[in-house]
Amino acid sequence: MTRLQRLYARSAIGVAGGLLIGLAILGVLEYRDVSPAASGGPVTAKGSPAKSPAAMTLHDSPRPVPELRFADGDGGPITLADFRGKVVLLNVWATWCGPCREEMPTLDSLQAALGGQDFEVVALSIDRIGIEAVDRFYAEIGVKHLGRYIDVSAKAARDLGAYGLPTTLLIDRDGREVARHVGPAEWDTPSMVTFFRRQLSRAAGATPTTANRQGSSS
């Protein structure tokens with residue numbers, strides 16, 4: 001093999017190696033889907049609403065929820081305790097999370113169907129750049145019924161152990177976690193609306209029965 005041939009061979013091997021490394025990096029990024037701003041924080045959960053329908057199974061008994069502090073859309077302080085007396089579906093999300101963006105219209109639709117004095121969808125963004133990111137996204141997809149809530153520190157997500165986004169908690173009227181779902185879901189399907197109506201009809205603090213522990217398995 002001549003010197004020129006050896007040079008060509010080395011170049012070809014180098015290009016091939018670079019392509020393999022690049023593909024490996026892309027694979028890791030696709031799996032994690034981590035925002036540069038959220039490096040070291042929650043990562044995007046796998047799946048999509050079409051492939052991962054919500055099956056929100058109630059816990060055997062209610063669990064305490066840490067005191068959560070965040071801000072409303074106008075920058076005013078708010079806590080989870082401010083929603084006491086309502087059944088709350090707390091959705092921890094971010095605009096850089098693809099599955100979060102995909103499921104958001106279904107959360108908006110659920111709020112339109114059930115939101116009021118007894119029930120509220122609280123979509124809590126952990127975007128570090130602030131409420132502006134939420135406002136742009138809401139305007140982009142036409143969110144009309146959800147409130148605007150932000151926690152730029154992502155402390156609420158850490159306190160809740162929400163290490164995959166989206167993470168959604170069902171919280172009873174007494175502020176206790178009664179169910180959790182990690183990953184995206186279709187929150188406005190008839191089976192899910194029926195499930196939430198059932199929770200609203202239950203007396204506060206009642207122990208879930210076997211019949212209603214499975215949210216949307218039917």
Side-chain angles (χ1 to χ4, degrees), residues 33 42 44-59 65 70 72-73 80 83 85-127 131 133-151 156-157 160 162 164-173 175-202 204 208-209 211-218:
D33 192 19
T44 298
K46 302 293 285 181
S48 67
K51 296 181 180 179
S52 180
M56 184 165 259
T57 303
L58 295 175
H59 303 319
V65 176
F70 44 99
D72 63 21
L80 190 61
F83 298 93
K86 290 185 177 184
V87 173
V88 170
L89 191 68
L90 175 65
N91 178 263
V92 183
W93 72 290
T95 61
W96 46 261
C97 162
C100 301
R101 296 170 66 94
E102 191 175 350
E103 74 170 1
M104 194 58 62
T106 73
L107 289 165
D108 189 46
S109 178
L110 179 64
Q111 175 66 17
L114 297 182
Q117 293 183 346
D118 292 325
F119 181 85
E120 179 136 2
V121 176
V122 177
L124 177 59
S125 167
I126 60 170
D127 281 88
I131 198 66
V134 175
D135 290 341
R136 285 195 298 270
F137 176 61
Y138 275 15
E140 176 186 332
I141 68 170
V143 169
K144 299 183 183 300
H145 307 285
L146 294 175
R148 297 149 59 236
Y149 303 106
I150 188 78
D151 174 20
L160 291 170
L165 296 183
T167 291
T168 307
L169 283 68
L170 182 62
I171 298 172
D172 70 11
R173 300 176 192 273
R176 302 171 301 177
E177 178 184 336
V178 295
R180 178 179 295 220
H181 180 79
V182 180
E186 291 181 279
W187 296 105
D188 60 346
T189 62
S191 61
M192 287 308 301
V193 172
T194 297
F195 169 72
F196 291 122
R197 288 190 187 280
R198 187 182 303 138
Q199 303 314 306
L200 285 169
S201 68
R202 291 176 50 240
T209 65
N212 68 13
R213 282 182 182 170
Q214 185 65 41
S216 60
S217 58
S218 58

Would Thr106 and Met192 count as a side-chain contact (heavy atoms from CB on, under 4.5 Å) here? Give the steps. CA-CA 11 Å; Thr106 73; Met192 287 308 301; over 6 Å; no
Let's go through Val122 and Leu80 carefully: what are the C-alpha distance in whole Å and the side-chain angles of both, what is the deciding distance for side-chain contact (heavy atoms from CB on, under 4.5 Å) to 0.1 Å, and is it a yes or a no? CA-CA 9 Å; Val122 177; Leu80 190 61; 5.6 Å; no
Please test Leu89 against Met56 for side-chain contact (heavy atoms from CB on, under 4.5 Å), starting from the C-alpha separation and ending with a verdict. CA-CA 11 Å; Leu89 191 68; Met56 184 165 259; 4.2 Å; yes
Go through the steps to decide whether Ile150 and Val134 satisfy the test side-chain contact (heavy atoms from CB on, under 4.5 Å), and finish with yes or no. CA-CA 8 Å; Ile150 188 78; Val134 175; 4.3 Å; yes
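Taking 4.5 Å as the limit, some side-chain heavy atom of Val92 sits within range of a side-chain heavy atom of Leu160. Residues Phe195 and Leu58 meet the side-chain proximity criterion, which asks for heavy atoms closer than 4.5 Å. Taking the side chain as every heavy atom from C-beta outward, Leu114 and Val87 never approach each other to under 4.5 Å.
Note on residues 109-122: pairs passing salt bridge (Lys or Arg N to Asp or Glu O under 4.0 Å), not counting sequence neighbours, are Lys86-Glu120, Asp118-Arg173.
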N/O donor to acceptor pairs below 3.5 angstrom from side-chain atoms of residues 135-144, sequence neighbours left out:
residue : atom : partner : partner atom : Å
Asp135  : OD1  : Arg148  : NE           : 2.7
Asp135  : OD1  : Arg148  : NH2          : 3.3
Asp135  : OD2  : Arg148  : NH2          : 3.2
Tyr138  : OH   : Gly147  : O            : 3.3
Glu140  : OE1  : Arg101  : NH2          : 3.4
Glu140  : OE2  : Arg101  : NH2          : 3.4

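The heavy-atom pair separating Ala123 from Met104 by the smallest distance is CB-SD, 4.3 Å. When all heavy atoms of Gly116 and Gln111 are compared, the pair lying nearest together is N-NE2, 4.4 Å. Across every non-hydrogen atom of Tyr149 and Asp72, the tightest pair is CD2-CA, 4.0 Å. Of all non-hydrogen atoms in Val182 and Gly164, the two that sit nearest each other are CG1-O, 4.3 Å. Pairing each heavy atom of Glu103 with each of Gly183, the nearest pair is OE1-O, 4.1 Å. Of all the heavy atoms in Leu110 and Trp187, the pair that sits closest is CD1-O, 3.7 Å.
For the atom pair Ile126 CD1 and Cys97 SG, the distance stands at 8.5 Å (nearest 0.5 Å). Expressed to the nearest 0.5 Å, how far CZ of Arg180 lies from CG of Leu169 amounts to 4.0 Å. A distance of 8.0 Å separates CG in Leu90 from OG1 in Thr168, rounded to the nearest 0.5 Å.
Using modelled atom types, one side-chain atom of Asp127 and one backbone atom of Thr95 make a donor-acceptor pair closer than 3.5 Å.
Remark: Phe119 pairs with Phe196 by the ring-ring contact (aromatic ring centres under 6.0 Å, His included) rule, at least two apart or across chains. Considering only residues two or more places apart in sequence or on other chains, Gln117 meets the side-chain contact (heavy atoms from CB on, under 4.5 Å) condition with none of them. Contacts of Ser109 classified as side-chain contact (heavy atoms from CB on, under 4.5 Å), with partners at least two apart in sequence or in another chain: Asp188.
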